[in-house]
**Q** 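Can you keep this structure in mind? I'll have questions shortly.
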Protein chains: 4
Amino acid sequence: MPRTPRAQTDKRQRILQGAIEAFSDQGFHRTRVSDVARAAGVADGTIYLYFRNKDELLATIFETTLDRFWQRGEEHLASAEDPVEEMQRLVSLHLRFLGEDRRLASVFQVDLRHSVTFLGEVSRRVLRRYLERVAEIIERGQVLGRFVPGDSMQLAGMVFGVLDSLATTWVLSRRNYRLESQIPLAQSFVGRALLPEPAA
Amino acid sequence: MPRTPRAQTDKRQRILQGAIEAFSDQGFHRTRVSDVARAAGVADGTIYLYFRNKDELLATIFETTLDRFWQRGEEHLASAEDPVEEMQRLVSLHLRFLGEDRRLASVFQVDLRHSVTFLGEVSRRVLRRYLERVAEIIERGQVLGRFVPGDSMQLAGMVFGVLDSLATTWVLSRRNYRLESQIPLAQSFVGRALLPEPAA
Amino acid sequence: MPRTPRAQTDKRQRILQGAIEAFSDQGFHRTRVSDVARAAGVADGTIYLYFRNKDELLATIFETTLDRFWQRGEEHLASAEDPVEEMQRLVSLHLRFLGEDRRLASVFQVDLRHSVTFLGEVSRRVLRRYLERVAEIIERGQVLGRFVPGDSMQLAGMVFGVLDSLATTWVLSRRNYRLESQIPLAQSFVGRALLPEPAA
Amino acid sequence: MPRTPRAQTDKRQRILQGAIEAFSDQGFHRTRVSDVARAAGVADGTIYLYFRNKDELLATIFETTLDRFWQRGEEHLASAEDPVEEMQRLVSLHLRFLGEDRRLASVFQVDLRHSVTFLGEVSRRVLRRYLERVAEIIERGQVLGRFVPGDSMQLAGMVFGVLDSLATTWVLSRRNYRLESQIPLAQSFVGRALLPEPAA
DNA sequence: CATGAATGAGCTTTCATTCAT
DNA sequence: CATGAATGAAAGCTCATTCAT
């Protein structure tokens with residue numbers, strides 16, 4: 001009897017996981033709802049008991065993934081001693097997180113931007129939430145004079161661009177390497193870019 | 001009599017322009033061929049006299065745009081005195097070019113990456129061509145000790161990420177600002193990121 | 001519960017029957033899939049749950065009909081005392097079978113030959129199967145000296161031509177007569193044609 | 001100046017010849033008007049100066065070919081001494097005529113019957129004309145007691161079936177043989193089939 | 001007369017979504 | 001809750017036909 005909520009969660013999760021697998025193979029648009037159903041081991045119609053439609057499936061992946069990202073992220077960032085170290089940790093967090101699940105990363109890198117046209121608010125919110133958190137780190141660093149001055153959202157956007165580009169390259173690459181291997185590179189690139197100009 | 005070649009070019013151009021308008025409104029996938037036809041002021045079937053299918057329409061936009069980009073670009077970069085200045089010019093070139101035509105930029109920012117999954121070689125080639133040219137600038141700067149050492153393609157990828165992110169933000173933004181206004185910001189960000197570490 | 005297998009068979013049959021009706025009215029090429037759907041009382045898409053495409057619909061009609069033909073045929077032929085009688089029975093079988101369902105006959109007479117160009121192997125196989133069985137009867141009769149000597153497949157082809165022509169004439173005719181009424185005529189025509197030359 | 005009617009005829013002929021080539025390659029339905037135009041070496045639109053539409057192209061082929069057939073046929077048949085010989089000559093005429101031009105034969109064997117559904121009267125007329133002439137031979141033979149009694153149109157239909165079947169087999173065959181080689185076979189088959197029963 | 005670029009109706013097929021069981 | 005057969009709207013593409021040149 002207390003099985004129902006549990007089973008519900010299970011099935012919901014299985015569907016989401018199936019969706020990630022299916023979407024990552026062919027991209028969101030090429031994927032049929034029945035592909036998701038097969039990957040999840042449920043009937044087509046069952047998906048509609050848990051999600052309003054196919055779009056909501058993608059939106060949910062974005063939102064819950066970002067929830068997980070920040071849940072783990074906050075722990076990781078909390079132990080940083082200053083904004084500079086926090087930024088370094090953010091870089092490694094971002095790349096490590098995506099690097100752990102190539103299929104998930106594929107969905108994020110290939111379909112997130114693209115979905116802005118049809119998921120509207122959802123994609124926007126996911127991106128904004130990320131940027132605002134990064135901007136906040138930058139602002140604290142700027143106050144301490146450790147980061148270059150300037151619009152923190154714009155700077156956050158460029159930091160995001162660096163990491164996003166590395167992740168996309170990794171996802172689309174046919175070579176076999178770990179995304180984590182790019183962490184030092186990214187850290188030094190971002191580190192330098194945020195450095196305040198020498199007093200000179 | 002000189003109507004045929006002229007008219008042909010015209011119609012082809014009108015179709016491409018119509019495609020850019022239509023794709024930028026809804027994204028490539030949401031756009032029907034008949035939308036493109038309407039925007040171009042031609043019949044549906046006419047499109048197939050000039051392009052094999054809907055995909056080729058997008059691929060052509062990518063390739064011809066990049067041709068135009070580098071055609072203008074090489075002139076602009078040629079007058080640079082050294083790799084550092086050349087990189088600055090690249091930054092301004094990139095943002096200025098996209099900033100001139102928001103609809104075109106929208107197609108590039110939203111559909112280019114996404115299309116890697118279905119346009120395959122075309123998207124890849126367009127991106128690679130860009131990155132290789134940037135990497136070449138970086139290499140020359142590295143030889144002169146003006147840029148940080150490291151894999152030039154990886155560095156080029158991160159530079160691209162910065163500019164790409166600014167362009168995407170602009171395209172998706174509801175605020176009204178010119179992408180060119182971001183040039184100084186981007187130049188200083190990229191400039192710092194590529195700076196060789198001080199001798200310390 | 002026993003609805004699924006039963007319903008499935010039903011629906012498949014209804015679609016095939018609808019196809020026969022539709023094809024016989026306008027011929028295969030002039031018939032739209034939606035015509036078949038309407039005649040079968042199902043939605044367009046339902047057809048594709050049971051058949052890969054429009055061609056397969058026609059191919060299935062050919063193959064299953066010939067299966068039924070020979071299933072009934074073998075019984076009928078089995079009771080013949082000698083090859084001569086067997087040939088007479090084949091003639092009546094052929095004309096009686098087609099004469100029972102004018103719509104089905106129409107599809108066979110009008111579209112079977114024509115489809116050789118696009119259904120390829122299927123049409124060929126259906127025809128070959130028929131001819132080989134007839135040739136076999138002829139060979140047995142030749143051994144007994146009851147039939148004229150000569151290539152049995154060529155003779156079978158001509159026998160087929162006689163029956164086929166009668167069937168086509170019937171299908172295309174506006175007059176109202178039963179194809180069975182032609183049986184004695186055909187039997188005597190074919191009978192004489194296969195008669196070995198008198199010792200003279 | 002007297003060139004115009006000449007040129008007209010030429011072009012009309014070239015189009016018809018192009019149509020035969022094109023239709024025989026792929027069948028009438030699979031052939032595009034532009035295929036005919038290319039084969040004839042004219043522009044698409046030109047075809048519509050000489051023929052009302054694609055159907056009329058096929059109808060004209062049927063009718064003019066049958067004109068040529070009987071034109072030559074009457075000469076050939078005229079020299080027969082009696083209806084029996086005339087029938088033998090008809091058989092050889094039929095197979096020889098089709099055997100001379102495999103492409104033309106292909107159009108006749110594959111598309112003539114099929115066209116009854118969309119060419120209506122034309123196909124019917126072509127067939128009827130043939131059958132009536134054959135029936136007339138049979139009737140004369142019956143009067144002389146040289147042919148089996150019975151409805152002459154029905155007998156003509158079966159004779160046609162024999163020849164038609166041989167022609168179709170030849171057209172569809174992948175083996176390489178001349179249709180003329182079947183003349184003796186057909187003559188003896190038809191000859192026997194029409195033989196009046198021995199007085200016995 | 002001849003051209004061939006342009007048209008747009010019409011076709012097959014797909015697939016997200018529903019709902020009877 | 002779960003199923004999956006059934007639906008039917010929607011979309012890309014073809015090609016017979018037209019007509020301005």
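Naming: A, B, ... by sequence-line order, numbering from 1 per chain. Just the heavy atoms: all of them, side chains too, but no hydrogens, waters or symmetry mates, feed the values below.
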**Q** Measure CD1/I47(C) against P/dG8(F) and give the value in whole Å, please.
**A**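 One finds 13 Å between P of dG8(F) and CD1 of I47(C), rounded.
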**Q** Taking for each residue the nucleotide of DNA chain F with the nearest heavy atom, is it R30(B) or A43(A) whose nucleotide lies nearer the 5' end?
**A**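 Of the two residues, A43(A) wins.
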**Q** Would you mind telling me which of dA6(E), dC13(F), dA2(F) lies closest to the side-chain atoms of D44(B)?
**A**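 Among the listed nucleotides, the one closest to the side chain of D44(B) is dC13(F).
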**Q** Is there a side-chain contact between V42(D) and V36(D), using heavy atoms and a 4.5 Å cut-off?
**A**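 Not touching, per the 4.5 Å side-chain cut-off.
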**Q** What's the NE2-C1' distance between H29(B) and dT14(E), to the nearest Å?
**A**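 Taking NE2 of H29(B) and C1' of dT14(E), I get 14 Å after rounding.
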**Q** With sequence neighbours excluded, what pairs up with D44(A) under the salt bridge (charged side-chain N to carboxylate O under 4.0 Å, His left out) test?
**A**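 Not a single residue meets the salt bridge (charged side-chain N to carboxylate O under 4.0 Å, His left out) criterion with D44(A).
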**Q** With nearest nucleotide decided by heavy atoms, which residue, G45(B) or G45(C), maps closer to the 5′ end of DNA chain E?
**A**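 Of the two residues, G45(B) wins.
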**Q** What is the distance, to the nearest angstrom, from the CZ atom on R14(B) to the C1' atom on dA5(E)?
**A**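 One finds 13 Å between C1' of dA5(E) and CZ of R14(B), rounded.
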**Q** Ignoring backbone atoms, test whether Y50(C) places a side-chain nitrogen or oxygen under 4.0 Å from the OP1 or OP2 oxygen of dA5(F).
**A**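 For dA5(F), OP1/OP2 do not have a side-chain N/O of Y50(C) under 4.0 Å.
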**Q** Which class fits the ring pair H114(A) and H29(A): parallel under 30°, tilted 30 to 60°, perpendicular over 60°?
**A**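 H114(A) vs H29(A) ring planes: perpendicular.
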**Q** Find the distance L57(D):CG to dC15(F):C1' and express it as a whole number of Å.
**A**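 Rounding to the nearest Å, CG of L57(D) and C1' of dC15(F) are 15 Å apart.
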**Q** Apply side-chain hydrogen bond (donor to acceptor under 3.5 Å, both in side chains) to R125(B) and list each qualifying residue two or more places apart in sequence or on a separate chain.
**A**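 Partners of R125(B) under the side-chain hydrogen bond (donor to acceptor under 3.5 Å, both in side chains) test: E63(B).
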**Q** By side-chain hydrogen bond (donor to acceptor under 3.5 Å, both in side chains), which residues pair with D67(D), not counting sequence neighbours?
**A**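 Expected list: R129(D).
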**Q** Using Watson-Crick and G-U wobble pairs whose two distances are both under 3.5 Å, how do you write the pairing of DNA chain F as dot-bracket, with | for links to another strand?
**A** .||||||||||||||||||||
**Q** Using the side-chain contact (heavy atoms from CB on, under 4.5 Å) criterion, which residues pair with V33(D)? Sequence neighbours excluded.
**A**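 Applying side-chain contact (heavy atoms from CB on, under 4.5 Å) to V33(D) gives I47(D), Y48(D), K54(D).
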**Q** Going by the rule side-chain hydrogen bond (donor to acceptor under 3.5 Å, both in side chains), which residues pair with N53(D) if we only count those two or more places apart in sequence or in a different chain?
**A**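 Partners of N53(D) by the side-chain hydrogen bond (donor to acceptor under 3.5 Å, both in side chains) criterion come out as none, since no residue qualifies.
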**Q** Take atom CZ of F51(A) and atom P of dT18(E), then tell me their distance rounded to the nearest Å.
**A**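 The answer, rounded to whole Å, is 16 Å.
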**Q** Let me know which of V122(C), I15(C), L16(C), D55(C) forms a side chain to side chain contact (heavy atoms under 4.5 Å, CB included) with T60(C).
**A**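 Among V122(C), I15(C), L16(C), D55(C), the one that satisfies the side chain to side chain contact (heavy atoms under 4.5 Å, CB included) with T60(C) is L16(C).
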**Q** I want to verify a distance call: between dT17(E), dT12(E), dC13(F), whose nearest atom is closest to the K54(C) side chain?
**A**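 Shortest atom-to-atom distance from the side chain points to dT12(E).
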**Q** For R68(C), give me all partners under side-chain hydrogen bond (donor to acceptor under 3.5 Å, both in side chains), at least two apart in sequence or on another chain.
**A**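 For R68(C), no residue satisfies side-chain hydrogen bond (donor to acceptor under 3.5 Å, both in side chains) once neighbours in sequence are set aside.
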**Q** Contact list please: residues 31-38 of chain D against DNA chain F, heavy atoms, distance less than 4.0 Å, in numerical order.
**A**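 Listed by number, they are T31(D), R32(D), V33(D).
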**Q** Can you check the Y48(A) OH to dG4(F) P distance for me, whole Å?
**A**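 In whole Å, dG4(F) P lies 15 Å from Y48(A) OH.
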**Q** Determine which pairs satisfy salt bridge (charged side-chain N to carboxylate O under 4.0 Å, His left out) with at least one residue from residues 104-121 of chain C, sequence neighbours left out, and list them in order.
**A**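 The answer is R113(C)-D164(C), R113(C)-D164(D), E121(C)-R128(C), E121(C)-R174(D).
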**Q** Could you give the CG-to-P distance, from L58(D) to dA16(F), as a whole number of Å?
**A**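 Roughly 13 Å, once rounded to whole Å.
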**Q** Whole angstrom is fine here: how far is it from CG in L49(A) over to P in dT18(E)?
**A**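 The answer, rounded to whole Å, is 11 Å.
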**Q** Among dT17(F), dT3(E), dT7(F), find the nucleotide with the atom closest to the side chain of T46(C).
**A**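 So the side chain of T46(C) is nearest to dT7(F).
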**Q** It should be established whether K11(B) places a side-chain nitrogen or oxygen under 4.0 Å from OP1 or OP2 of nucleotide dA5(E).
**A**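 Checking dA5(E) against K11(B), no side-chain N or O comes under 4.0 Å of OP1 or OP2.
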